[in-house]
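Take a look at the structure below.
A note on names: the letters A, B, ... follow the listed sequences, proteins ahead of strands, and every chain is numbered from 1.
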There are 2 protein chains.
Amino acid sequence: MEIRTDLILGDSVKELKKLPDNSVDLIITSPPYADQRKDTYGGIHPNKYVEWFLPISKELLRVLKPDGTFILNIKEKVVNGERSTYVMELIIEMRKQGWLWTEEFIWHKKNSFPGKWPNRFRDSWERLIQFNKSKNFNMYQDEVKIPIGDWAKGRLKNLSDTDKVRDNAKNGSGFGKNVSNWVGKETVYPTNVLHLATECNNKNHSAAFPEELPEWFIKLFTKELDTVLDPFAGSGTTLFVSNRMKRHSIGIEIMPEYYEMIKSKIRPVELYILEPKTKYEKTRPESSYAIR
Amino acid sequence: MEIRTDLILGDSVKELKKLPDNSVDLIITSPPYADQRKDTYGGIHPNKYVEWFLPISKELLRVLKPDGTFILNIKEKVVNGERSTYVMELIIEMRKQGWLWTEEFIWHKKNSFPGKWPNRFRDSWERLIQFNKSKNFNMYQDEVKIPIGDWAKGRLKNLSDTDKVRDNAKNGSGFGKNVSNWVGKETVYPTNVLHLATECNNKNHSAAFPEELPEWFIKLFTKELDTVLDPFAGSGTTLFVSNRMKRHSIGIEIMPEYYEMIKSKIRPVELYILEPKTKYEKTRPESSYAIR
DNA sequence: ATGGGAAGTGAATCCCCAT
DNA sequence: AATGGGGATTCACTTCCCA
């Protein structure tokens, strides 16, 4: 089994045009933030952000499979004391392109340092906006189940009579439950709030997300041998995680420094296949890489 | 010292017009969401929601003091498998009215509604959108400081140079260089994510938010003897909390049942002032109420 | 007073079926 | 066809009750 990990040096719009229609199962990316300062990495002025992104999202819509998903990690910046509206405008415009705005997950960032500004608190959350091409997209919910809360231990120990049958709510809300269905249940489905730490070990890229973030969405929206795309590869997290999880992946990165950095981090992984497999195969699949 | 708690039976737009300009320090409200609570409020169709709300927000802008704040609790519902866009459209239109969209807090609900669907998880967060009239609004940050978390103690114990460098690089906020200021502190400023449970025990009103929610914003944005307004008083939580915290308050409620319910809950509080003060003054201020 | 167990319920959403 | 009502599904908290 061969897992492909393609890394492309170049501009996203231009390189995306070379990819075939309906070929990607999951797109997950954290594009460069809007920034008023011109000299920072990828800084796009907030007023130009929507205009800049729409040609990219148009290509993403084309390359995504009909049952695929696009996860956009983004947060609006503060400009002149106000939150910018470019994310909202972007969602509205992308819907006009044909995207469905299915859901907005929240990434609640743990471990963010306390801060102080005169008129706002530290921003400890980001948007994870889910777009789809159709309502019938693939979602493998069982892959991300979490342990049931501690309440279950006490509640399910001794069932009362009403717990053993379907107990309809007394107020006519139409809501009912059968508590006995939960006996022995170890895991439950999560919610749309993700509580993850911020990444602390990437010193070279300014917008790194933690590995758990792409991992969670890759588990949820793809199966093995599916293809994951990150049009702003940045520090390469999406690619490394995809490879480890036996998904093909494609990354595009315009900055030669980041391109080289990802390449250098991919090469050591490649070497694993030359060493005795028993040592690594649990965490590192047999893989090959194509670097363009 | 007299704390006024005015409760008005009537339509919000109409009753707001009777209030003087620049007279309110904080507006905090949770309007009926689109298509919700049909049996009580009639339900506003998602397509009509912005149109319905704009005349209200226009009056709110007029009655709010220049240094006051408006906190709007809202969440868009799912329509045909997609999140509705009316909240985003509302923010964009309110900015055209002259509102500043200063911040968006997240209310992370500890006990979100249960359920399972093939294409989405349980919704466990709501928006708390902060609007202002000017950039120089009152904010009493010290009133909501929280005990420093254990993670921070560990983190601040061993501050490395890379910590500071990394945080500077991340967002250019200049935050990193202040990290050392936090060493030895017992309390810190909170973030823009609030983690509270919904109120499930209110038999009479279906959409009560927990007392902690208005309490937190009242502490943050008002001082004693300021005036708080809730144009959709509902179960009256904002009014009760305001009174307890020695803020004047004005509530408007269109449904006679809720109006009567709030009134009946206010009256018992009134009686406290006739009883020996020592028993209650710690939690209940000396107060008077005007019921219209 | 305290504590543990029992019981009740919430701004939900999807799917099907009836007009 | 669109639109609307009703059933099914599900988690964690809070209050109540009794020892």
Side-chain angles (χ1 to χ4, degrees), chain A residues 102-104 135-137 139 141-142 145-193, chain B residues 29-47 49 72-84 86-87 107-128 195-213 232 234-235 237 255 258:
Chain A
T102 308
E103 180 59 303
E104 183 171 332
K135 287 172 196 167
N136 301 310
F137 52 87
M139 192 177 194
Q141 299 191 351
D142 288 342
K145 288 183 86 170
I146 55 175
I148 198 166
D150 290 337
W151 62 270
K153 292 191 182 81
R155 182 75 176 86
L156 301 176
K157 206 159 50 186
N158 296 310
L159 292 182
S160 65
D161 287 343
T162 52
D163 284 344
K164 288 170 188 154
V165 297
R166 183 175 174 81
D167 178 34
N168 287 305
K170 307 290 181 286
N171 60 359
S173 67
F175 198 81
K177 68 183 188 306
N178 185 340
V179 176
S180 63
N181 287 343
W182 299 339
V183 174
K185 192 187 279 190
E186 300 280 323
T187 57
V188 297
Y189 296 98
T191 70
N192 59 359
V193 176
Chain B
T29 197
S30 196
Y33 299 176
D35 256 10
Q36 303 298 146
R37 310 205 310 207
K38 257 182 238 170
D39 43 344
T40 50
Y41 285 99
I44 297 103
H45 193 280
N47 297 342
Y49 199 85
L72 177 64
N73 170 221
I74 200 165
K75 180 71 192 252
E76 51 271 74
K77 64 169 293 173
V78 173
V79 177
N80 292 329
E82 269 192 286
R83 289 271 166 211
S84 281
Y86 59 83
V87 175
W107 174 18
H108 182 185
K109 294 187 278 189
K110 287 194 284 190
N111 55 342
S112 55
F113 211 97
K116 181 189 186 314
W117 308 276
N119 53 358
R120 66 181 62 248
F121 288 135
R122 294 177 298 137
D123 188 10
S124 73
W125 65 279
E126 294 192 18
R127 304 178 195 277
L128 291 161
H195 198 68
L196 303 171
T198 54
E199 199 78 24
C200 330
N201 52 342
N202 192 307
K203 306 281 193 303
N204 301 307
H205 191 271
S206 61
F209 44 39
E211 295 207 351
E212 290 94 332
L213 202 56
F232 301 96
S235 58
T237 309
M255 301 292 291
Y258 297 139

I want to verify a distance call: between [options], whose nearest atom is closest to the [X] side chain?
{"X": "B:R122", "options": "D:dT9, D:dC11, C:dT13", "result": "D:dC11"}
{"X": "B:P118", "options": "C:dT13, C:dC14, D:dC11", "result": "C:dC14"}
{"X": "B:K110", "options": "C:dG10, C:dT13, D:dC13", "result": "D:dC13"}

### Message
Using side-chain hydrogen bond (donor to acceptor under 3.5 Å, both in side chains), reason through A:E104 and A:N192 one step at a time and then give a plain yes or no.
### Response
CA-CA 7 Å; A:E104 183 171 332; A:N192 59 359; over 6 Å; no
OP1 or OP2 of [N] versus the side-chain N and O atoms of [X]: is any pair under 4.0 Å?
{"X": "B:N111", "N": "D:dT14", "answer": "no"}
{"X": "B:R120", "N": "C:dC14", "answer": "yes"}
{"X": "A:K185", "N": "D:dC11", "answer": "yes"}
{"X": "B:W117", "N": "C:dC14", "answer": "no"}
{"X": "B:R83", "N": "C:dA12", "answer": "no"}

### Task
Please round to the nearest 0.5 Å and tell me the distance separating atom CG of B:N111 and atom OG1 of A:T191.
11.5 Å
For atom [atom1] of [X] and atom [atom2] of [N], their distance in whole Å:
{"X": "B:E211", "N": "D:dT15", "atom1": "CD", "atom2": "P", "result": "11 Å"}
{"X": "A:M139", "N": "C:dT13", "atom1": "CE", "atom2": "C1'", "result": "13 Å"}
{"X": "A:K145", "N": "D:dC11", "atom1": "NZ", "atom2": "P", "result": "7 Å"}
{"X": "A:N192", "N": "D:dC11", "atom1": "CG", "atom2": "P", "result": "15 Å"}
{"X": "B:F113", "N": "D:dC13", "atom1": "CZ", "atom2": "C1'", "result": "14 Å"}
{"X": "A:W151", "N": "C:dG4", "atom1": "CH2", "atom2": "P", "result": "19 Å"}
{"X": "A:N136", "N": "C:dC15", "atom1": "CG", "atom2": "P", "result": "8 Å"}
{"X": "B:E126", "N": "C:dA12", "atom1": "CD", "atom2": "C1'", "result": "11 Å"}

### Task
Could you pull out all residues at least two apart from A:Y189 that satisfy ring-ring contact (aromatic ring centres under 6.0 Å, His included)?
none
### Task
Assign A:I148 to base, sugar-phosphate, or nothing according to its heavy-atom contacts below 4.0 angstrom with the strands shown.
sugar-phosphate
### Query
When all nucleic acid strands are considered with a 4.0 Å heavy-atom cut-off, which category describes A:D150: base, sugar-phosphate, or nothing?
nothing
Would you say [X]'s side chain and [Y]'s backbone share a donor-acceptor pair under 3.5 angstrom?
{"X": "B:R120", "Y": "B:V78", "value": "no"}
{"X": "B:R127", "Y": "B:V87", "value": "no"}
{"X": "A:Q141", "Y": "B:P118", "value": "yes"}
{"X": "B:S84", "Y": "B:Y86", "value": "no"}

## Note on the structure
5'-most contact on DNA chain C (nearest-nucleotide basis), B:V79 vs B:K75, goes to B:K75
### Task
Give DNA chain D the dot-bracket treatment, 5' to 3': Watson-Crick (N1-N3 with N6-O4 or O6-N4) or G-U (N1-O2, O6-N3) under 3.5 Å, [ ] crossing, | other strand.
.||||||||.|||||||||
### Task
Mark yes or no: B:K75 above the aromatic ring of B:W125, with NZ or CZ under 6.0 Å from the six-membered ring centre and no more than 45 degrees from the axis.
yes
